[in-house]
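Below you'll find the structure, written out as structure tokens, and then a few comments.
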Amino acid sequence: MTLHDTPSSPAGADRTFQVDLRGLVDLLSHHLYSSPRVYLRELLQNAVDALTARRGLEPGAPSDAFGIRLYADGSVVRVEDDGVGLTEADVHTFLATIGRSSKRAERIAEQRADFIGQFGIGLLSCFLVADEIHVLSRSARTPDAPVVEWRGRGDGSYTVRTLPASARPRPGTTVTLTPRADAGDWTRPAQVHALARHFGSLLRHPVTFDDGTGGTGAPVNPEPAPWARTYPTPGARSRALAAFGEDVFGFTPLDTIELDLPAVGLKGIACVLPEAVPAGRRHGHRVHVKGMLLSEQAEEILPEWAFFVRCVVDAESLRPTASREALYEDDTLAAVRDALAERLRAWIARAAASDPDLLHRFLQAHHLAVKSLAVHDDEILRMLLPWLPFETTDGHCTLDEFARTHRTVLVTSSVEEFRQVAAIASAAGLGVVNGGYTYDRELVHRLPEIRPEATVADLDPATLTAHLDPVDRETELAAAAYLAQARDALAVFDCDVALRTFQPASAPALLVDSRETRHERTRSQLAREQDGGLWGDILGALRQEAPRAQLILNQLNPLVRTAVAIDEPELARTSAEALYGQAAMLSRRPLRPAESSLINRSFLDLLAHALRKDS
């Protein structure tokens, strides 16, 4: 837009904006609308709103008395409706003034909620595919109203004239576009028909399409939405809704949840995905407003934890953004999101109470989504926590099964800690749950809320080592020299070395070194390095005796029995380093650079020793 001021304008006089329509159309096409295809949606929307206004004038008319007819033969695109129409004054006021909508007129302001569009710029979208818009309209408000013709051009000019009644015998509006050569992809007959079905398949007014080949107009929306139809049995209804969901989304739903919020006029379905999706990945949902498709990717209609469903809904009271391709975030949308979330909770509750097979299949696929919900929803927690699967020392099983076997349930703080101790803890008869995955540790700690007889505690290294059998005194004394060499070699890692017996015998060593103890040692080391400075004083105030890692050697393992008998100091150190490196790798935690270097060096030193021995 450019500011316009004529030379004759007196100082301080009001000025008016002049609109560069081509620039505005370019703005719409690149920043407001996602694609030129929206031109047909805007024309359909205007036609639907005109029909809504017409029904306000003639509420007793038959339901099929007024409709919308589309025509496309490759040379023109035409949209004709039996709506309220426009007078000549309306044309000047609404078609020639950008941003003003007839749906804001005082005479129908009280009906505003009945209309889809409220922004008054939709007709401009036609300039995305055509250089001229031809409108022929006759008002239904005045019986003898003349026919008004309006021609708007892409350069910002327009003409208006009245025509005899024979030019349009019945009230309504016809919009005709002559497509540009570069708009053929959006205006071919097959494409127009496909776009009409895409945007208008759930419209409540009859819509037909004619491709100019001489046949009768094909219905665009031959049937009401599936949730608006009647069925002979509940089973038939359920199958029809599932078939509709499969047709829309391309997968067979695990189950179909019917959605109905009368307060906002929302109806639709939620299709439960049959397979798991990555955590946090949110699918878009198909949202219609008063039958018109608004968005296929509306994530905001459901809370983040509900990524196990995809929805198709049609609503009356949701507010679209200016582009009419997304929903406006307001209190109504927030209330709808909360209400739909409650519907999903209720479905889970019904499955838990009456359909254990469905619940099992659902939890197999979507246990992570349910865990995220259970963390914040006490009802779901009480209902489903015993049935949720967890990784344990008994394999993957439910907490209910695990708690029946282990009165004390130990839980690790990380995946690496669980993998480090799982085999040994299992052999020692300890019941350990992997708490390293999202939500798992928090949920396991809430098990006593459901099963008061169960005890849950974090796995402490001392708990595990207390279940490892000590070696006899003679064996301990015989290994003392080796253990001293090993402690000296591993002092750089703040690691102590002990000799125990534990199952499985195939495990030569266990490295007990939790993430928290590593962080504490790092902080202590940093405090020592910063000693004397301000940062060192701060860390020193927090410093406690730094916990040490512990390398526990397994006396039952043949390799360890051979190692502790080594009397050559350098070879003893190298073997201890190799055992530490192997235990660190088995823990599957990230290796520090010094540990990676130690593993490489100890391997090469052992290889060199073996070669010297052979020679």
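Nothing fancy with the numbering, it's 1 onward along the sequence.
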Taking the side chain as every heavy atom from C-beta outward, state whether [X] and [Y] have any pair of such atoms under 4.5 Å apart.
X	Y	value
Val309	Leu273	no
Tyr231	Pro226	yes
Leu177	Val76	no
Glu58	Phe66	yes
Thr176	Val77	no
Val84	Leu51	no
Arg41	Arg37	no
Ile269	Ile257	no

To the nearest 0.5 Å, how far apart are [atom1] in [X] and [atom2] in [Y]?
X	Y	atom1	atom2	result
Ser317	Lys290	OG	NZ	6.5 Å
Leu344	Leu302	CG	CG	6.0 Å
Arg345	Leu384	CZ	CG	12.0 Å
Asp211	Tyr71	CG	OH	8.0 Å
Leu70	Ile68	CG	CD1	7.5 Å
Arg337	Leu327	CZ	CG	9.5 Å

Over 12 non-hydrogen atoms of neighbours within 6.0 angstrom of CG in Asp330: yes

For Arg229, I'd like to know if atom CZ has over 12 heavy atoms of other residues, nucleotides or ligands within 6.0 Å. yes

Residues that [X] engages under side chain to side chain contact (heavy atoms under 4.5 Å, CB included), provided they are two or more places apart:
X	answer
Pro253	Glu246, Phe251, Thr256, Cys271
Arg197	His193, Val220, Pro222
Glu80	Arg69, Arg168, Thr174
Thr173	Asp81, Val135, Ser137, Val175

Go through it in stages, so that I can follow the logic: the residues are Arg286 and Val313, the test is side-chain contact (heavy atoms from CB on, under 4.5 Å), and I'd like the CA-CA distance, side-chain angles, deciding distance and then a yes or no. CA-CA 6 Å; Arg286 288 177 65 95; Val313 299; over 6 Å; no

Please tabulate, one pair per line, all N/O donor-acceptor pairs under 3.5 Å involving side-chain atoms of residues 352-360, not counting sequence neighbours.
{"from": "Ser354", "atom 1": "OG", "to": "Arg350", "atom 2": "O", "distance (Å)": "2.7"}
{"from": "Asp355", "atom 1": "OD1", "to": "Leu358", "atom 2": "N", "distance (Å)": "3.1"}
{"from": "Asp357", "atom 1": "OD2", "to": "Arg361", "atom 2": "NE", "distance (Å)": "3.2"}

Could you report the tightest heavy-atom contact between [X] and [Y], atom names first, then the distance?
X	Y	answer
Leu294	Pro320	CD1-CB, 3.5 Å
Leu388	Phe390	O-CD1, 3.2 Å
Leu259	Cys311	CD1-SG, 4.1 Å
Leu333	Tyr328	CD2-O, 3.6 Å
Asn221	His205	ND2-O, 2.8 Å
Ser372	Trp305	OG-CB, 3.5 Å

Identify which one of Leu163, Val160, Leu86 satisfies the side-chain contact (heavy atoms from CB on, under 4.5 Å) criterion when paired with Val148. Val160

Give a yes/no verdict on a cation-pi contact between Lys371 and Tyr437, requiring under 6.0 Å between NZ or CZ and the six-membered ring centre and an angle within 45° of the axis. no

Might you work through the side-chain contact (heavy atoms from CB on, under 4.5 Å) test for Leu266 and Leu340, ending with a clear yes or no? CA-CA 10 Å; Leu266 183 146; Leu340 292 180; 4.1 Å; yes

Carboxylate-amine/guanidinium contact Arg153 Asp131, below 4.0 Å: no

Holding to side chain to side chain donor-acceptor pair (under 3.5 Å), I want the full list of residues that pass it with [X], two or more places apart in sequence or in another chain.
X	answer
Trp347	Asp255
Thr159	none
His198	Glu296

May I have all residue pairs that pass side chain to side chain donor-acceptor pair (under 3.5 Å) and include part of residues 257-277, sequence neighbours excluded? Arg237-Glu258, Asp260-Lys267

Report yes or no: does Ser139 contribute a side-chain atom to a donor-acceptor pair with the main-chain N or O of Arg141 at less than 3.5 Å? yes

Test salt bridge (charged side-chain N to carboxylate O under 4.0 Å, His left out) on Asp82 and Arg54; report intermediate values, then the result. CA-CA 8 Å; Asp82 300 317; Arg54 178 77 181 271; 5.8 Å; no

Side-chain atoms of residues 183-192: list all donor-acceptor pairs with protein atoms under 3.5 Å, sequence neighbours left out, distances to 0.1 Å.
{"from": "Thr187", "atom 1": "OG1", "to": "Ala183", "atom 2": "O", "distance (Å)": "3.0"}
{"from": "Gln191", "atom 1": "NE2", "to": "Asp185", "atom 2": "O", "distance (Å)": "3.1"}

Do Asp49 and Thr52 have side-chain atoms, one donor and one acceptor, less than 3.5 Å apart? no

Indicate whether any N or O donor in one side chain lies under 3.5 Å from an N or O acceptor in the other, for His285 and Glu299. no

Between Glu149 and His134, is a side-chain contact (heavy atoms from CB on, under 4.5 Å) present by the stated rule, with each step listed? CA-CA 7 Å; Glu149 180 189 59; His134 176 243; 2.8 Å; yes

Begin with the C-alpha distance, continue with both residues' side-chain angles, and end with the deciding distance and a verdict on salt bridge (charged side-chain N to carboxylate O under 4.0 Å, His left out) for Glu132 and Arg151. CA-CA 7 Å; Glu132 181 178 278; Arg151 291 182 182 271; 2.9 Å; yes

Start with the C-alpha distance between Val38 and Leu128, add both sets of side-chain angles, then the distance that settles side-chain contact (heavy atoms from CB on, under 4.5 Å), and finish with yes or no. CA-CA 9 Å; Val38 300; Leu128 299 176; 4.3 Å; yes

Name all residues meeting the ring pair (Phe, Tyr, Trp, His ring centres under 6.0 Å) criterion together with Phe244; count only those two or more places apart in sequence or in a different chain, and write none if there are none. Trp227

Using ring pair (Phe, Tyr, Trp, His ring centres under 6.0 Å) as the criterion, list what pairs up with His366, not counting sequence neighbours. Phe308, Phe362

Given salt bridge (charged side-chain N to carboxylate O under 4.0 Å, His left out), test Glu316 with Arg204 step by step and report yes or no. CA-CA 12 Å; Glu316 296 287 338; Arg204 292 84 181 268; 2.7 Å; yes

